[in-house]
Amino acid sequence: MSPQENLRSVNYGNLVSGERYTPESWQRQYSPVDDWDETFRNGNWDDLGDLSQAARHALIAGYVHKLVRRGHVLDAGCGEGVLIDYFDTARIEYTGFDISRTAIQRAQEQHPSARLCSSSIEDFVPPAGVQYDAVIFNDSLSTLKSPIEMIDRYSAFVRPAGYIIVSQYQSPNPLGNGALLTRMFEAELAAGRYRVAVRTEVVNRDTDRRWRSYCLTGV
Ligand SMILES: C[S@@+](CC[C@H](N)C(=O)[O-])C[C@H]1O[C@@H](n2cnc3c(N)ncnc32)[C@H](O)[C@@H]1O
């Protein structure tokens, strides 16, 4: 067993019991993706818009329509812009960005009038004077070097009484990024770090794939 695998297995007991998030602990255990653009070019994410994943997108859009009603949302790490199809554009203004230029190009081809750009979550800054009614991290946190810090950073981009919506794929491997981040994030919630308006789990009964969603308020 490599030292890294050994470290992970030693830590496993802590993780299932709700390990608190620290940058050091996260960075020691998560698996980064080196080149997101390559994964899009290789077609690794061609299923993001499939009907089998519709429920997780529809849930986020449902939260936005119910809570924001009319306003501007930011989709941080929007991929190919799958979420755009789920919004009532008569009342929801949409901005999306992604680190992958290929994903953004495909999103723009599908949605020529959508406001999209290529940027990293770490570097994105809203245009002067813009605050969002909701910021959405739709399956885009768990490969970041500093996921919880990014939630905190984006809280400054949300209007007072706005929302941050996090949806996270639950990797079946308990040491996978999604499962690891969920356990640490929930430990932070249990410690009172954020206020949660609602939390939900979406399960596709055919594939048994599941996503947890959290609607944070007062961030
Ligand atoms: C699993 S995909 C989800 C895409 C989309 N949100 C969806 O649910 O269909 C993760 C997305 O996060 C983007 N991403 C990962 N790290 C990023 C970063 N540091 N800055 C911006 N986007 C990032 C990837 O390029 C990818 O599009």
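Counting convention: from 1, in listed order, for ligands and their atoms alike.
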- Using heavy-atom distances, let me know which of Asp35, Asn44, Asp98 sits nearest atom 25 (O) of ligand 1.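 Selected option, by shortest heavy-atom distance: Asp98.
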- Message: Looking at Ser25, is its backbone amide N or carbonyl O close enough to the side chain of Gln29 to form a donor-acceptor pair, meaning the two atoms are under 3.5 Å apart?
- Response: yes
- Message: Given 3.5 Å as the limit, does a donor-acceptor pair link the side chain of His72 with the main chain of Gln131, or not?
- Response: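 Between the backbone of Gln131 and the side chain of His72 there is no qualifying donor-acceptor contact (under 3.5 Å).
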Give me the residue, atom name and distance of the protein heavy atom closest to [atom].
| atom | value |
| --- | --- |
| atom 12 (O) of ligand 1 | Ser140 CB, 3.7 Å |
| atom 16 (N) of ligand 1 | Trp36 NE1, 3.4 Å |
| atom 14 (N) of ligand 1 | Ile99 CG2, 3.9 Å |
| atom 2 (S) of ligand 1 | Asp139 O, 3.9 Å |

- Message: Below 3.5 Å, N or O to N or O, backbone or side chain included: is there any such pair between Asn138 and ligand 1?
- Response: yes
- Message: If I apply the N/O under 3.5 Å rule, does Gly77 come out as touching ligand 1?
- Response: yes
Check ligand 1 against [X] and write out every atom of the ligand that is under 4.0 Å from a heavy-atom position of the residue.
| X | value |
| --- | --- |
| His57 | 8 (O), 9 (O) |
| Ser119 | 21 (C) |
| Leu144 | 16 (N), 17 (C), 18 (C), 19 (N) |
| Ser120 | 20 (N), 21 (C) |
| Phe40 | 25 (O), 26 (C), 27 (O) |

- Return the set of residues passing side chain to side chain donor-acceptor pair (under 3.5 Å) with Gln110 (not counting sequence neighbours), or none when no residue passes.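 Side chain to side chain donor-acceptor pair (under 3.5 Å) list for Gln110, sorted by chain: empty.
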Check each heavy atom of [X] against ligand 1 and say whether those closer than 4.0 Å belong to the side chain, the backbone, both or neither.
| X | value |
| --- | --- |
| Glu122 | side chain |
| Ile121 | both |
| Ala76 | neither |
| Arg56 | side chain |
| Phe124 | neither |

- Message: I'd like to know whether the aromatic ring centres of Tyr214 and Tyr194 sit less than 6.0 Å apart in this structure.
- Response: no
- Message: Aromatic contact between Tyr132 and Phe157, with the criterion being ring centroids under 6.0 Å apart: yes or no?
- Response: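 Judged by ring-centre distance (under 6.0 Å), Tyr132 and Phe157 do not meet the cut-off.
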- State whether the number of non-hydrogen atoms from other residues, nucleotides or ligands found under 6.0 Å of Arg101 atom CZ is greater than 12.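 12 or below, so no.
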- Does a salt bridge link Asp152 with Arg193, judged by any charged N lying under 4.0 Å from a carboxylate O? yes
- Query: Is Arg70 salt-bridged to Glu93, going by a charged N under 4.0 Å from an acidic O?
  - Reply: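 Salt bridge flag = no for Glu93 with Arg70.
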- Listed once per pair and sorted, the salt bridge (charged side-chain N to carboxylate O under 4.0 Å, His left out) pairs that draw on residues 36-45, sequence neighbours left out: Asp37-Arg41
- Message: Counting C-beta onward and ignoring hydrogens, is there a side-chain heavy-atom pair between Pro174 and Arg183 closer than 4.5 Å?
- Response: yes
- Is there a heavy atom of Cys78 sitting under 4.0 angstrom from any atom of ligand 1?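 Contact check Cys78 vs ligand 1: positive.
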- Query: Which heavy atom in His57 sits nearest to a heavy atom in Gln53, and how many Å separate them?
  - Reply: CD2-O, 3.2 Å
